[in-house]
Amino acid sequence: MSKPSKIVCRFAPSPTGPLHVGGVRSALFNYLFAKQNNGKLVLRVEDTDKERSKQEYADDIVEGFKWLGLSFDETVIQSERIENHKKYLSILIEKGLAYVSKEKVTEEGQRAEVIRFKNPNRKIAFDDLIKGHIEFDTTELGDFVIAKSLSEPLFHLAVVADDFDMGITHVIRGEDHISNTPRQILIQEAIGAPRPLYAHIPLILATDKSKLSKRKHGESVSLKFYREQGYLPEALINFLALLGWNPGSDRELFSLKELVTEFKLDRVQKGGAIFNPEKLNWVNKEYLHLRPKGEVVETVTQILHEEPLTKYLADWQQVRLATILADRIQVFSEIKKILIEEGIEYLSHAPTCNPTELLWKKSPDPQNTKTHLLHVVKLLEELEPTASMEEVQSAILPYAEKEGKGEILWPMRFALSGKQKSIDPFNLASLLGITESISRLKTAANLLQ
RNA sequence: GGCCCUAUCGUCUAGUGGUUAGGACACGGCCUUCUCAAGGCUGUAACCGGGGUUCGACUCCCCGUAGGGUCACCA
């Protein structure tokens, strides 16, 4: 038995755009595989294209992973390793395995001279850890370009050189790289680098089954979008892990730590998976409920505080509204939607009630209803102006249970909100304040004969 | 179009020759409930087609078909 060498993985994004959810999943699978094998994980920022690479995107990538809680053992900037790439380039040229090629210039920006790899035109086969055996005839690739000039190495060369120097043992990357693999293997063989093991993971697809791309599918492909919408990092990680992988059981909720032990590369799906935001919302809700209630309420309060729609509410009212909302949302971004769609204008303006709707469907008696409303008023008058939901409840509930909950609670709630659907009466009375609640109940009672 | 990959409910998927084809999201119903939401129970819903192999195919093989990826002096 030879001592197994340490596993080294890498995630190698190019900073030409914001961090993509597909990239996050690639990074996640690398992370899980490396961690569970006590291996090393490297973040390699592939910025050899000076035209398109931007520092802000490199920052976005690093910040994104920091937010997610995915850590790398090492971060390398590919452009800083260019001397190394040049070294391999000159070796290839010396050996006659690459050459300076005179080009016909047909497009603007095209060089008259580039470095091409001398393709041995062989068949290349490799055993992908996910896809299985794959074969290519490299003849059709021709003598592909590996550098713009002696000092400007390109993608394929840089990847192979860096993977070699960094001792990468497993290349886990998106399926869109599958056709790059034979080229890279050819270069490896030319520079005498060992071949790493490949695992090409299926793509994350949009609803139309095409690859998620910013150009086609907009902002919702970037991690930042979900971060700004208030999704929880652990929910995103869990959801992404389940997209294309499953543990073989019915279990669906996993912490990152649990994923490290449960994840199996050979259980990764072969086909692409459509990104389903509804399922993400569900996962997020599960994690939201797992968080301490106080913490969630605090975040919701903060959001309400900055929300113009609730500016008119006093601070204590915002906290109470936040407490109610905290139980109802799947994602923090839903708050605004709820405020608008459900219409909570009744929080700021007393409703005008239709007397008929004030009556409980199972017992539509105006006289009784009026008596009940006035009795509720009496009970509320015993309370402090800012009584809590619990205080309101213990003041009203015994009476409601005695007389029939619907008979009391429906008219009470309707008198306070003027709506068929609203926050429950106890929360509502507490949220409006006792003084305002009494006033609304009296107004409603007066509508009844 | 060439090359490569893929194919189970609408979606994510379990399944590895014999299953009432299982779970989750979404959707519908019921219960709970003052309404809404949550929660509980439950229902509708799938093996792309055609040939083989086999006593027997969702499962193995071949051929179609469909979808996707990739074909840069980007990564």
Side-chain angles (χ1 to χ4, degrees), chain A residues 12-17 45-53 78 101 103 105 107 109-116 128 130-132 134-142 144-149 152 154-156 158-159 173-183 200 202-203 205-211 239 242-253 267 269-283 285-286 289 324-325 327-330 338 342 357 360-362 400 404-414 417 419-426 428:
Chain A
S14 66
T16 54
V45 180
E46 306 215 324
D47 59 344
T48 52
D49 185 342
K50 293 185 220 73
E51 310 280 291
R52 300 197 310 150
S53 297
Q78 192 166 52
S101 162
E103 303 287 315
V105 177
E107 278 173 45
Q110 232 179 347
R111 309 288 179 92
E113 254 184 31
V114 293
I115 318 294
R116 286 183 181 274
D128 193 277
I130 292 165
K131 299 278 188 177
I134 297 174
E135 275 186 32
F136 281 93
D137 184 350
T138 61
T139 306
E140 60 204 70
L141 268 23
F144 51 92
V145 178
I146 55 171
K148 288 186 178 184
S149 72
E152 295 164 293
L154 253 11
F155 174 62
H156 292 296
V159 165
R173 60 190 353 179
E175 187 179 14
D176 47 345
H177 282 292
I178 226 167
S179 58
N180 292 327
T181 307
R183 269 180 268 250
H200 286 95
L203 266 14
L205 275 22
T207 318
D208 65 0
K209 286 184 180 291
S210 70
K211 172 169 135 175
F239 171 73
L242 250 25
L243 217 50
W245 170 83
N246 75 81
S249 70
D250 287 344
R251 185 170 171 202
E252 300 209 272
L253 265 16
R267 286 199 67 89
Q269 216 68 17
K270 286 177 164 186
I274 293 174
F275 186 100
N276 181 352
E278 282 169 339
K279 181 90 181 221
L280 205 210
N281 287 346
W282 175 80
V283 175
K285 185 204 70 187
E286 295 294 314
H289 290 349
I324 298 162
L325 254 21
D327 283 330
R328 299 196 41 180
I329 52 171
Q330 290 191 302
I338 291 176
E342 275 185 32
E357 289 183 291
W360 173 232
K361 60 183 175 184
K362 289 178 186 165
K405 283 183 172 178
E407 303 211 26
I408 310 302
L409 267 17
W410 172 272
M412 174 182 171
R413 193 185 57 73
F414 198 86
S417 68
K419 302 195 90 158
Q420 297 277 344
K421 303 174 183 179
S422 78
I423 296 169
D424 72 88
F426 306 131
L428 193 46

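The structure presented is a predicted model; accordingly, all values stated were derived computationally and were not measured.
Straight-line distance between the P atoms of B:G69 and B:C12: roughly 15 Å, to the nearest whole Å. Comparing the P positions of B:G22 and B:A46 gives a spacing of 11 Å, expressed to the nearest Å. B:G18 and B:C4 are spaced 36 Å apart, taking the C1' atom of each and rounding to whole Å. Taking atom C1' in both B:A45 and B:C3, the straight-line distance is 37 Å, to the nearest Å. On the C1' atoms, B:G68 is 28 Å away from B:G52, given to the nearest whole Å. Nucleotides B:C9 and B:G49 are separated by 11 Å at their P atoms, to the nearest Å. Comparing the C1' positions of B:C48 and B:G10 gives a spacing of 16 Å, expressed to the nearest Å. As rounded to the nearest Å, B:U19 and B:U59 have P atoms that lie 13 Å from one another.
The partner of B:U33, taking Watson-Crick or G-U wobble pairs whose two distances both stay under 3.5 Å, does not exist in any strand shown. Look at B:C71: its Watson-Crick or wobble partner, with both distances under 3.5 angstrom, is B:G1. Searching all strands for a Watson-Crick or G-U wobble partner of B:U19 with both distances below 3.5 Å returns nothing. In this structure, B:A24 and B:U11 make a Watson-Crick or G-U wobble pair, each of the two defining distances being under 3.5 angstrom. The partner of B:G49 is B:C63, judged by Watson-Crick or G-U wobble contacts that both fall below 3.5 Å.
Counting any heavy atom pair closer than 4.0 Å across all strands shown, A:Phe136 reaches sugar-phosphate atoms only and no base atom. Among the heavy atoms of the strands lying under 4.0 Å from A:Lys285 are primed sugar atoms or P, OP1, OP2 only; no base atom is included. Nucleic acid contact for A:Asp424: base, since at least one base atom lies under 4.0 Å from a heavy atom of the residue. Note on A:Glu103: a base of the nucleic acid sits closer than 4.0 angstrom, heavy atoms only. Looking at heavy-atom distances under 4.0 Å, A:Asp327 makes no contact with the nucleic acid at all. A:Gln269 comes within 4.0 angstrom of sugar-phosphate atoms only, judged by non-hydrogen atoms across all strands, and of no base. Residue A:Val145 is in sugar-phosphate contact alone, with no base atom involved, counting any heavy-atom pair closer than 4.0 Å across all strands shown. Contact annotation for A:Leu154: backbone-only contact, meaning every heavy-atom pair under 4.0 Å involves sugar-phosphate atoms and none involves a base. Here A:Ser422 lies in heavy-atom contact (under 4.0 Å) with a base. Among the protein residues, A:Asp47 comes within range of no part of the nucleic acid, since none of its heavy atoms lies under 4.0 Å from any strand. Within the 4.0 angstrom heavy-atom criterion, only backbone atoms of the sugar-phosphate kind lie near A:Gly244; the bases stay farther away. Within 4.0 Å (heavy atoms only), A:Arg173 reaches no atom of the nucleic acid at all. Looking at heavy-atom distances under 4.0 Å, A:Ser149 makes no contact with the nucleic acid at all. As judged by a 4.0 angstrom heavy-atom cut-off over every strand, A:Glu175 is placed among residues touching the sugar-phosphate backbone only.
Checked by atom type and distance alone, the side chain of A:Arg251 pairs as donor or acceptor with a backbone atom of A:Leu253 at under 3.5 Å.
Relative orientation of the A:Trp360 and A:Trp410 rings is tilted, given thresholds of 30° and 60° on the angle between their planes.
Minimum atom distance to the side chain of A:Ala273 is reached by B:U13, of the listed B:C5, B:U13, B:G68. When distances are taken from the side chain of A:Asp49 to each of B:U11, B:U70, B:C74, the shortest belongs to B:C74. For A:Leu203, the side-chain atoms get nearest to B:G69 when compared with the rest of B:C34, B:C73, B:G69. Among B:C74, B:G67, B:A14, the nucleotide with an atom closest to any side-chain atom of A:Arg52 is B:C74. With B:G22, B:U13, B:C25 as the choices, the nucleotide that has an atom nearest any side-chain atom of A:Asp250 turns out to be B:G22.
Residue A:Arg251 places none of its side-chain N or O atoms closer than 4.0 Å to OP1 or OP2 of B:G22.
Rounding to the nearest 0.5 Å gives a distance of 10.5 Å between NZ of A:Lys421 and CZ of A:Arg413.
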Could you walk me through whether A:Arg183 and A:Thr138 pass side chain to side chain contact (heavy atoms under 4.5 Å, CB included), step by step?
CA-CA 7 Å; A:Arg183 269 180 268 250; A:Thr138 61; over 6 Å; no
